[in-house]
Amino acid sequence: MLAACTWRLSQRAVKFSPPVRSQIPNPFSMAAAAAGAASPKRLRIYSSAAADGDSSNGTGSGKRVGTHNGSFHCDEALGCFLIRLTSQFAGADVVRTRDSQILDSLDAVLDVGGVYDPSRHRYDHHQKGFNEVFGYGFHTKLSSAGLVYKHFGKEIIAKELELNEDHEDVHRVYLAIYKSFVEALDAIDNGINQYDTDQPPKYVNNTHLSSRVGRFNPDWTDPDQSPEKENAAFQQAMMLAGSEFMESVRFHVKSWLPARSIVMECLLSRGNVDPSGEIMVLDRFCPWKLHLFELEQELKTDPLTKYVLYQDERSKTWRVQAVSVAPDRFESRKALPERWRGLRDDELSKETGIPGCVFIHMSGFIGGNKTYEGALEMARAAVQC
């Protein structure tokens with residue numbers, strides 16, 4: 001595990017030491033410094049010369065990244081974390097101010113300043129006329145986090161995969177992380193509803209990352225409203241957003257990407273399972289649902305897969321799962337037959353005429369059999385219904 005990054009807090013700035021090696025640091029290693037660990041050596045942001053001099057003693061890279069002070073949100077917390085993962089800005093100071101003269105002197109500026117110009121590393125999204133999106137079929141307006149990820153995400157992913165930035169797996173994970181993690185932060189910060197509807201939500205969700213980051217802002221009842229308290233809170237916000245981002249990256253690298261290869265192979269070989277082409281068998285279980293939808297679309301699969309068979313690792317029995325109509329929907333493309341639903345064991349085997357049946361869920365989305373052969377018979381019978 002990498003050594004903990006040391007954070008230095010000043011009246012209007014947060015300063016960090018550089019990672020000890022070029023690979024992406026584990027953000028959880030920063031937890032030891034989380035309790036507002038201020039260095040006796042304070043960073044002064046009103047004099048760039050003083051700040052540069054402080055950074056040149058080996059505690060920083062000499063680079064300075066700016067964002068606004070005051071109330072903070074998830075996008076600039078994550079944006080500051082992400083940009084410091086890059087080779088160019090590793091170990092950079094984070095300067096929190098709205099002073100335009102100070103901002104103009106910094107190496108990069110996020111979420112403040114009214115300018116989007118990647119050639120000068122200016123990444124604000126609040127200015128009139130800003131409509132930048134991620135591309136690749138995504139249409140959500142970017143926040144400062146999305147802007148940083150758009151320009152530096154491949155470098156970050158490539159470091160974690162230990163591949164060149166132009167490798168196809170880097171590109172796949174780059175898109176997947178935007179879709180599953182960053183886009184929601186962009187949408188929330190820009191006030192974009194998740195659904196096109198005038199109906200009020202059926203419940204309140206205050207547990208998402210943007211909401212949790214927002215709760216780090218000092219409470220109005222807190223007698224300590226000092227810049228030091230605010231900067232310590234911003235430090236915690238960066239740690240939370242950054243650690244969850246890296247957790248997502250590492251899941252995609254370790255689990256999601258290998259699973260895609262398995263699902264691809266099984267999808268291409270489903271014609272060997274059943275002539276209908278509507279039954280897919282996983283030769284080993286892995287997260288398959290999202291991959292299946294994306295690969296079917298990519299390969300223009302016809303007919304679509306109706307059932308997926310896989311072995312339950314704990315019971316060693318086999319599952320027959322109906323594929324849903326969409327990744328975020330409960331309805332199945334073709335649920336298991338209604339007359340089977342809710343039945344178990346011998347009663348189910350008698351109804352189906354297939355030995356070894358274990359159960360069928362009441363909704364018909366999943367069932368089980370003691371053997372692969374029995375599960376395949378169940379899927380074949382369901383296809384014909």
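Every heavy atom of this structure was used, including side-chain atoms; hydrogens, water molecules and symmetry mates were not. Everything numeric in this text was worked out from a predicted model, so none of it was measured. Sequence positions, counted from 1, serve as the residue numbers for this chain.
- Using a 4.5 Å heavy-atom threshold, the side chains of His125 and Asp186 count as separate.
- A donor-acceptor pair shorter than 3.5 Å can be found between the side chains of Thr305 and Arg270.
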Exercise. Which is it for Lys159 and Leu85 under the side chain to side chain contact (heavy atoms under 4.5 Å, CB included) test, yes or no, and what are the steps along the way?
Worked result: CA-CA 9 Å; Lys159 285 181 179 179; Leu85 295 180; 5.7 Å; no

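- Between His252 and Trp256, the ring planes lie tilted relative to each other; the angle falls in the 30° to 60° range.
- Closest approach of Gly79 to Val148, counting heavy atoms only: O-CG1, 3.9 Å.
- Open room surrounds NZ on Lys289; 12 or fewer heavy atoms of other groups in view lie less than 6.0 Å from it.
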For this session: Please test Tyr174 against Tyr149 for ring pair (Phe, Tyr, Trp, His ring centres under 6.0 Å), starting from the C-alpha separation and ending with a verdict.
Result: CA-CA 9 Å; Tyr174 173 66; Tyr149 186 76; 5.2 Å; yes

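- Counted by atom type alone, Arg84 and Thr86 present zero donor-acceptor pairs between their side chains at under 3.5 Å.
- In the hydrophobic clustering of ILVMFWY residues, with side-chain heavy atoms under 4.5 Å counting as a link, Ile366 and Leu282 come out together.
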For this session: Check step by step if side chain to side chain contact (heavy atoms under 4.5 Å, CB included) holds for Val320 and Leu336.
Result: CA-CA 9 Å; Val320 184; Leu336 292 164; 4.1 Å; yes

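- In this structure the side chain of Val323 never reaches within 4.5 angstrom of the side chain of Leu304, judged on heavy atoms.
- The minimum heavy-atom distance between Thr67 and Asp111, with the atom names listed, is OG1-CB, 4.0 Å.
- Below 30°, between 30° and 60°, or above 60°: for Trp288 and Tyr310 the angle between ring planes is between 30° and 60°, a tilted geometry.
- Proximity of Phe245 to Leu78: side-chain heavy atoms (C-beta onward) are separated by under 4.5 Å at one or more points.
- Aromatic pair His121/Phe89: ring centres closer than 6.0 Å.
- Classification of the Tyr123-Tyr116 ring pair by plane angle, with boundaries at 30° and 60°, yields tilted.
- One finds the OH atom of Tyr178 at 4.5 Å from the CD atom of Glu183 (value rounded to the nearest 0.5 Å).
- Under the 30°/60° scheme for interplanar angles, the aromatic rings of His171 and Tyr136 are found to stand perpendicular.
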Problem set entry | Step-by-step ring pair (Phe, Tyr, Trp, His ring centres under 6.0 Å) determination, Phe330 to Phe365 | CA-CA 8 Å; Phe330 294 109; Phe365 91 97; 8.9 Å; no

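- Salt-bridge check for Glu132 with Lys150: passed, with a basic side-chain N closer than 4.0 Å to an acidic carboxylate O.
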Exercise. Yes or no on side chain to side chain contact (heavy atoms under 4.5 Å, CB included) for Tyr372 and Leu309, after CA distance, side-chain angles and deciding distance?
Worked result: CA-CA 8 Å; Tyr372 164 72; Leu309 276 58; 4.2 Å; yes

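- Taken to the nearest 0.5 Å, the CG atom of Asp345 stands 14.5 Å off from the NZ atom of Lys350.
- Side chains of Asp283 and Ile262 form a contact here, defined as non-hydrogen atoms less than 4.5 Å apart.
- By the 4.5 Å heavy-atom criterion applied to side chains, Met246 and Glu160 are counted as neighbours.
- For the pair Asp166/Val170, no side-chain contact is recorded, criterion being any heavy-atom separation below 4.5 Å from C-beta on.
- Atom CG in Asp328 sits 9.0 Å away from atom CZ in Phe293 (nearest 0.5 Å).
- Summarising the geometry of Val273 relative to Arg380, their closest heavy-atom pair is O-NH2, 2.8 Å, with the distance given to 0.1 Å.
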Problem set entry | Pair Val115-Phe130, side chain to side chain contact (heavy atoms under 4.5 Å, CB included): steps then yes or no | CA-CA 9 Å; Val115 176; Phe130 177 88; over 6 Å; no

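- A salt bridge links Asp312 with Arg319; the closest basic N to acidic carboxylate O contact falls under 4.0 Å.
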For this session: Dump the intermediate steps for side chain to side chain donor-acceptor pair (under 3.5 Å) on Ser226 and Asp224, then the final yes or no.
Result: CA-CA 6 Å; Ser226 66; Asp224 183 1; 2.7 Å; yes

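- Placement of Val182 and Val253 within a single hydrophobic cluster is found when ILVMFWY residues are connected by side-chain heavy-atom separations under 4.5 Å, directly or transitively.
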For this session: Apply side chain to side chain donor-acceptor pair (under 3.5 Å) to the pair Asp346 and Ser349, showing each step before the final yes or no.
Result: CA-CA 5 Å; Asp346 290 342; Ser349 291; 5.2 Å; no

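- For the pair Arg260 and Glu298, the salt-bridge criterion is met [side-chain N within less than 4.0 Å of a carboxylate O].
- The pair Asp222-Lys229 meets the salt-bridge criterion, since a charged nitrogen lies less than 4.0 angstrom from a carboxylate oxygen.
- With a 6.0 Å radius and a threshold of 12 heavy atoms from other residues, nucleotides or ligands, Lys154 has its NZ atom above the threshold.
- The line from CG of Leu348 to CD1 of Ile354 is 8.0 Å long, rounded to the nearest 0.5 Å.
- Around CD of Gln127, the count of heavy atoms belonging to other residues, nucleotides or ligands within 6.0 Å exceeds 12.
- Using a 4.5 Å cut-off on side-chain heavy atoms (C-beta onward), Asn231 and Phe72 make no contact.
- Here the side chains of Ser87 and Glu155 are in contact, with some heavy-atom distance below 4.5 Å.
- For Gln297, the CD atom is loosely surrounded, since the number of other residues' heavy atoms within 6.0 Å does not exceed 12.
- For the residue pair Ser119 / Asp117, a side-chain donor-acceptor distance below 3.5 Å is found, with atom types taken as modelled.
- In this structure, Leu292 and Leu267 approach most closely via the heavy-atom pair CD1-CD1, 3.9 Å.
- When all heavy atoms are compared, the tightest approach of Cys80 to Leu110 is N-CD2, 3.5 Å.
- In this model, no donor atom of one side chain and acceptor atom of the other lie less than 3.5 Å apart for Asp75 and His73.
- Electrostatic pairing of Arg344 and Glu351 does not count as a salt bridge here, judged by no charged N lying under 4.0 Å from a carboxylate O.
- In this structure a side-chain-to-backbone donor-acceptor pair under 3.5 Å is missing from Ser211 to His208.
- Criterion: ILVMFWY side-chain heavy atoms under 4.5 Å apart, direct or through other members. Under it, Leu163 and Val249 are part of a common hydrophobic cluster.
- At most 12 non-hydrogen atoms from other residues, nucleotides or ligands lie less than 6.0 angstrom from CD of Glu338.
- Atoms CZ and CG, from Arg64 and Leu103 in turn, are 10.0 Å apart once rounded to the nearest 0.5 Å.
- From Leu209, atom CG reaches atom CG of Leu240 across 5.5 Å, with rounding to the nearest 0.5 Å.
- Within a 6.0 Å sphere centred on CD of Glu265, other residues, nucleotides and ligands contribute 12 heavy atoms or fewer.
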